Amino acid sequence: MIQPRLSLKRNSEVSRTDPEPTSEASKEPAVESSAPEERDRARPAQTGPGHRVSVSDLHAYYGATEAVKGVSIDFPPREVTAIIGPSGCGKSTMVRCINRMHEEIPHARAEGRIMLDDNDLYAHGVDVTSVRRLIGMVFQKPNPFPTMSIFDNVASGLRLTGNRGDNLRERVHRSLRAVGLWGEVKNRLDSPGVGLSGGQQQRLCIARTIAVEPEVILMDEPCSALDPVATLKVEELIDELKEQYTIVIVTHNMQQAARVADSTVFMLDGHLIEHAPTKELFTNPKDERTERYVTGKFG
Amino acid sequence: MSATIESPNPPPKLFTTSARRKRVNRSMEVLSTLAAGLAVAVLVIVVGSVVIKGVSALNLDFLTETPAPFGAPGGGIANSIVGTFLLVAIASVIAVPIGLLIGIHASEFARPRVSNAVRFALDILSGVPTIVTGVFIFGLLVAGHVQSGYAGSVALAIIMLPIVARSAQEVLRLVPNSLREAAVALGVARWRMVLRVVLPTAAGGLITGAVLGVARVAGETAPLLLTSSIASNAVSWNPTQALSSIPVTIFTLSESPAPADHARGWAAALVLIVGVLALSVFARSLHERSRRRLRG
């Protein structure tokens with residue numbers, strides 16, 4: 001029952017039967033008001049309520065080692081949620097559980113429940129590829145396919161999932177425009193993707209991710225291999241993308257979390273310590289450990 | 001910067017290299033350079049002597065004509081060239097697809113434990129003396145029947161298989177995991193990820209491995225002596241009969257009492273060595289290209 005809905009659900013068709021998104025939509029303004037005011041960019045009218053990811057009591061293991069120890073988080077639709085914490089605190093692992101990439105690692109497994117709206121991503125019989133089509137991921141190091149041209153890289157997700165459609169070219173161009181790469185590469189779409197600079201490669205990878213039109217985008221330290229100028233571009237892009245996507249970003253860089261995130265999660269040693277609107281978490285943390293971390297006293 | 005626990009701050013001390021250390025260093029450098037030089041020298045001597053002794057008997061007729069009757073002048077090794085080509089081609093048709101599949105399975109699909117076991121088995125297989133492989137195939141396909149090109153090819157394929165499979169395994173491991181993750185995270189099915197992302201990325205290296213396997217078995221003699229050596233002197237394209245081959249021909253010519261045959265043996269060796277060297281160089285250049293691509 002669940003599987004076809006999981007593999008069919010698309011942004012445009014979501015308005016219909018689900019009771020949940022409507023209730024989420026009514027909740028949204030409350031979250032909104034506590035978001036940092038420096039977001040002066042006006043949001044366009046949204047076409048739908050977006051999609052919510054709810055993690056409850058997630059435990060993730062590498063063999064016998066427990067890396068995530070019972071985390072529950074709600075990622076509100078069309079917001080950027082940043083996850084910060086010292087190395088090894090389980091933030092990447094937690095995020096990789098959301099699109100079921102965690103289980104790709106030998107001996108790794110996850111327990112708990114992760115819902116995309118009212119679909120259980122870990123329900124029996126769910127095709128993992130359908131989960132990953134709905135929940136895209138951008139990695140730490142830009143990883144364009146070395147044998148493919150710029151165009152083919154962006155088209156790869158569509159072609160290799162058998163969704164190429166008739167308007168492949170148009171969708172590729174649109175994705176490249178969306179990441180602000182169009183002007184830089186429109187005259188060399190056939191040259192290799194790996195010939196671009198690091199920052200351009202990362203934006204190419206983001207274009208590749210959004211070309212398959214996911215609902216949620218996970219970013220695992222997407223700027224840690226980039227210089228400050230390229231980082232700024234990617235951050236601006238994140239700001240634009242959240243108009244359409246629910247975004248989760250893992251970052252080591254607290255300034256980055258402060259710049260891009262509506263709310264921020266602090267994790268420590270596999271536990272969620274605090275989840276609050278970004279400004280609040282950085283200026284007025286409730287937990288003493290959060291305070292010590294954001295003020296640089298450890299980690 | 002040299003803030004040690006000791007106080008007061010001791011003056012920084014610099015050492016001069018002792019004469020003994022310099023001597024040891026120098027002599028090790030010389031020794032390792034000599035060893036490297038020796039390896040190159042052996043290659044140069046082998047190739048050089050084959051060229052010097054073989055080039056006199058080498059001419060176009062030698063490549064295009066069949067062997068002359070014993071004692072008669074002229075003649076060539078066309079039958080052996082064709083035979084080696086056929087034997088190696090059939091062996092490749094058997095061993096390359098199977099070897100690639102083994103490598104792909106071990107690197108992309110098998111659990112680490114299985115893939116280690118496969119690697120171990122392949123290493124043992126590649127350590128089996130080729131004469132043993134020859135005897136095995138002799139017992140399996142030749143005893144009770146007749147020698148045939150097919151029997152020889154199967155023996156060569158068994159020798160080739162671990163080379164192709166192991167090199168495929170190694171080359172696929174060079175493909176960065178980040179590419180697999182990128183594809184899988186797009187919702188691409190695993191087999192399609194392997195087919196469309198991993199294999200194209202590793203293509204150069206995979207071809208190199210196959211070509212090196214070909215080069216390796218092209219010179220095999222022992223298994224062919226048992227399985228495909230009693231051949232006619234005519235050019236034959238029929239692998240159901242025994243086919244002549246360059247290595248076996250070299251062996252036979254070297255056993256001959258006629259000095260002219262020795263010269264022919266050297267010339268045949270030159271043909272073989274040039275062929276194998278050309279293949280290896282071709283394979284290396286492909287490999288270099290693919291490595292450059294992997295580095296990005």
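Letters A, B, ... are given to chains in the order of the sequence lines, protein chains preceding strands, and every chain is numbered from 1. Since this is a predicted model, take the numbers as computed values, not measurements.
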Can you find a heavy atom in the side chain of A:P146 that is under 4.5 Å from one in the side chain of B:L179?
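Result yes, sub-4.5 Å side-chain heavy-atom pair found.
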Contact check, side chains of B:V197 and A:L160, non-hydrogen atoms, under 4.5 Å:
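Yes, side chains in contact.
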Look up atom [atom1] in [X] and atom [atom2] in [Y], then write down how far apart they are to the nearest 0.5 Å.
| X | Y | atom1 | atom2 | value |
| --- | --- | --- | --- | --- |
| A:T129 | B:R190 | OG1 | CZ | 12.5 Å |
| A:R132 | B:L186 | CZ | CG | 10.5 Å |
| B:M193 | A:T161 | CE | OG1 | 14.5 Å |

For atom [atom1] of [X], decide whether the heavy atoms of other residues, nucleotides or ligands shown that lie under 6.0 angstrom number more than 12.
| X | atom1 | value |
| --- | --- | --- |
| B:R284 | CZ | no |
| B:F85 | CZ | no |
| A:R188 | CZ | yes |
| B:F109 | CZ | yes |

Among B:R180, B:R111, B:E181, residue most engaged with chain A (heavy-atom pairs, under 4.5 Å):
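Most heavy-atom pairs within the cutoff with chain A belong to B:E181.
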Part of [X] within contact of chain B (heavy atom distance under 4.5 Å):
| X | value |
| --- | --- |
| A:I135 | backbone |
| A:P144 | backbone |
| A:F145 | both |
| A:R96 | side chain |

Minimum-distance pair of heavy atoms, taken over all atoms of B:A185 and A:F139:
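Residues B:A185 and A:F139, closest heavy atoms: CB-CZ, 3.7 Å.
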For A:N143 and B:A182, which heavy atoms make the closest approach, and how far apart are they?
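Between these two residues, the closest heavy atoms are ND2-CB, 3.3 Å.
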